[in-house]
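Below is one structure, written out as C-alpha cells, with a few remarks after it.
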2 protein chains.
Amino acid sequence: MATGSIQTTYSNGSDDVVVPDVVVERLPLYVRVLTALAASGIDMVSSEQLGDQLHMTPAQIRKDLSYFGRFGKQGRGYNVVALVNKLKTILGLDRSWNACIVGMGRLGRAIASYPGFAPEGFKIVAAFDADQSLIGTNVDNLPVRSISDIRQAVEEDDIAIGIVAVPAVAAQSVIDSLVDAGIEAILNYAPVTAYAPDHVKIKNIDPVISLQSMTYYLKS
Amino acid sequence: MATGSIQTTYSNGSDDVVVPDVVVERLPLYVRVLTALAASGIDMVSSEQLGDQLHMTPAQIRKDLSYFGRFGKQGRGYNVVALVNKLKTILGLDRSWNACIVGMGRLGRAIASYPGFAPEGFKIVAAFDADQSLIGTNVDNLPVRSISDIRQAVEEDDIAIGIVAVPAVAAQSVIDSLVDAGIEAILNYAPVTAYAPDHVKIKNIDPVISLQSMTYYLKS
DNA sequence: AGTAGTGTGTGCCTTATATCACAATCGGGA
DNA sequence: TCCCGATTGTGATATAAGGCACACACTACT
C-alpha cells in the first residue's frame, strides 16, 4: 500500500538473509507470549504450543524464527527465556527508546498518559503543539513546546520516534517536520494516508478505518 | 495469522465474485480520499490521481474497484460522488451502527469520549465494566452497566460492534461473552492475541506492538 | 550402546496478492 | 461523422507469503 521497503536484510553471523516485513511484524507477538510463558515459569516451548496460543500454524512460527537463526532443539522445542531475549535483541527491545508526541489535544493527552509505553521501554520525553495558549504549560509533567522546536529537541533528547496526534489537515506537514528533524519511525494517529520517505517507517493507528472495513462483513 | 475467513463473496448483480480481505481493508481509504475530493468540489478523478494521493499504483485501485462493478468511464475516470456513494453502500456505511464499550477505565473513557466515531456513523450506545463501584455511574452520558448485562443489551439496543478496553487478562473472556451475545465485529484494544470464531471479525489496536516492530528498523 | 519418540529447520509446492500491458470504450473537437 | 487522446477493465504474468512433509537431531529410557 504505502510506499516503503518491503523487506530488509538481517546479518546473521554467516550470511545476510532477506526478512519480509510481515515477519518482523509478527516478532513482537512472539515476544509477548514468550514473556508471559517465562513469567509463568515455563522454560521450554514447542512451535506447536506457540501456534496454539497465537492461532497460527507451527510451520509459520518455525519459518519466521529461521530467518534469524536456529534457536530450537529437535525433540525439545525452544528455551523460552533464551528465545525471548534473542528476539528482543533482534527487535532492538533490549534498550529503551525516546519518543515525542506532536499534538497535545484530547488525543495527545490520552496517549501521553497511557501507562503501557514505559514498561516496554518507550519513554515520552517531549511534547509539541501549535496552539500558543498551550505552549509553556505542563501536561502530565511534560512541558508543551512549539512545533518549531522539534528539530532541536530531537537532537538534544535523542528522540527516535514521533507520535502524531494532530488534526488530519496538519498531519502531513507535521510528519514532514519530523522526517526533516531526522526521526526514523512515526506512529500516526491522524486519519490520513500519510507519506514518508522509504527510510522512515510509519504505522497508522486508525480505529475508524478498522471499523469501516469490518462493517462490510456485518450481515444485518 | 489469526484464524478467520480470508475472503468473502460479493453478489454483484450478475455473478458472485470472491473478494480478498486485503481489498476490503483498502476500501475505507478510498472512501476517505473520495469524500475529501467531493468536499473540495472535484467531480471526476482518475485511478492515477487516486494512486498519487494514496501512494499506491493505479492498477491496484482499478482492480480493487473491479471486484464490485464497473464504476469508471474510459478516458474520463470515476465520478467522485457516485463512486463514494457506491463504496459506502458496499461497506455498509450508508447507515449507522451501534457499538458498546467493555471496560470503562482510563482507556475505555478515552474511547467513549473520542469525537471521531459519531460523524462516521458509529454510535456508542452502551458501556460495561466489571467494577461494582463504577456500575450505575454515568460516564460521558453513558450509564455503566454490569458485564453480565451484555447479552440483554446487545439484543435490546441492536448492538453490532463490541469495543474491548479491558486489561489483558480479562480480554479473552470478555470477547467470548461478546461473541456469545451475538456480536459480529470486535475492535480489541487489549494487548492480547485474542481468538474469535470465523464468523466474527476482530481487529486489534495495539500501539505498543506497532512501535515494537518499527524499532527493528531503527539504526542507532 | 541402542532405540523410540519428539520436534526442529527447510526444500518444495500451493495459494494469494500485485503488477503489467493492451484491447475496448468514452467524450470532445474538427 | 469520424478521429484522437485519455483512461478504464482485465487476462496474463510476476512476486510474495504460507504450508506441507520429511530428513535430521536431540533426549530419555532401557
[X] side chain, from C-beta outward: closest of [options]:
X	options	value
Q60(B)	dA21(D), dT19(C), dA17(D)	dT19(C)
R62(A)	dT10(D), dG9(C), dC20(D)	dG9(C)
A59(B)	dC20(C), dG9(D), dG9(C)	dC20(C)

* Which dot-bracket string describes DNA chain C (Watson-Crick N1-N3 plus N6-O4 or O6-N4, or G-U N1-O2 and O6-N3, all under 3.5 Å; [ ] crossing; | other strand)? -> ||||||||||||||||||||||||||||||
Just by modelled atom types, is the [Y] backbone N or O under 3.5 Å from a matching donor or acceptor in the [X] side chain?
X	Y	answer
T193(A)	L54(B)	no
W97(A)	G92(A)	yes
Q49(A)	S46(A)	yes

* Strand-adjacent residues in residues 30-47 of chain B, judged by heavy atoms under 4.0 Å from DNA chain D ->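 Contacting residues: S46(B), S47(B).
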Rounding to an integer number of Å, can you tell me how far [X] [atom1] sits from [N] [atom2]?
X	N	atom1	atom2	result
M56(B)	dT17(C)	CE	C1'	12 Å
E25(B)	dA16(C)	CD	C1'	14 Å
Q49(B)	dT7(D)	CD	P	7 Å
I61(B)	dT7(D)	CD1	C1'	13 Å
E48(B)	dT8(D)	CD	P	9 Å

Hey, are [Y] and [X] close enough side-chain-wise for a donor-acceptor pair under 3.5 Å?
X	Y	value
D64(B)	Q60(B)	no
N204(A)	N188(A)	yes
Y217(B)	D21(A)	yes

Do the charged groups of [X] and [Y] touch, with an N to O distance under 4.0 Å?
X	Y	value
K123(B)	D158(B)	no
K88(B)	D94(B)	no
D129(B)	R109(B)	no
R32(A)	D206(B)	yes
E48(A)	R62(A)	no

* Could you identify which residues of residues 71-84 of chain B place a heavy atom less than 4.0 Å from some atom of DNA chain C, listed by residue number, or say none? =>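 Within residues 71-84 of chain B, the residues near DNA chain C are K73(B), Q74(B), R76(B).
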* Asked: Mapping P58(B) and K63(B) to their closest nucleotides on DNA chain D, which lands nearer the 5' end?
  ->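 It is P58(B) whose nearest nucleotide is closer to the 5' end.
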* Output yes when at least one side-chain N/O atom of R70(A) is less than 4.0 Å from OP1 or OP2 of dC24(D), else no. =>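 Checking dC24(D) against R70(A), no side-chain N or O comes under 4.0 Å of OP1 or OP2.
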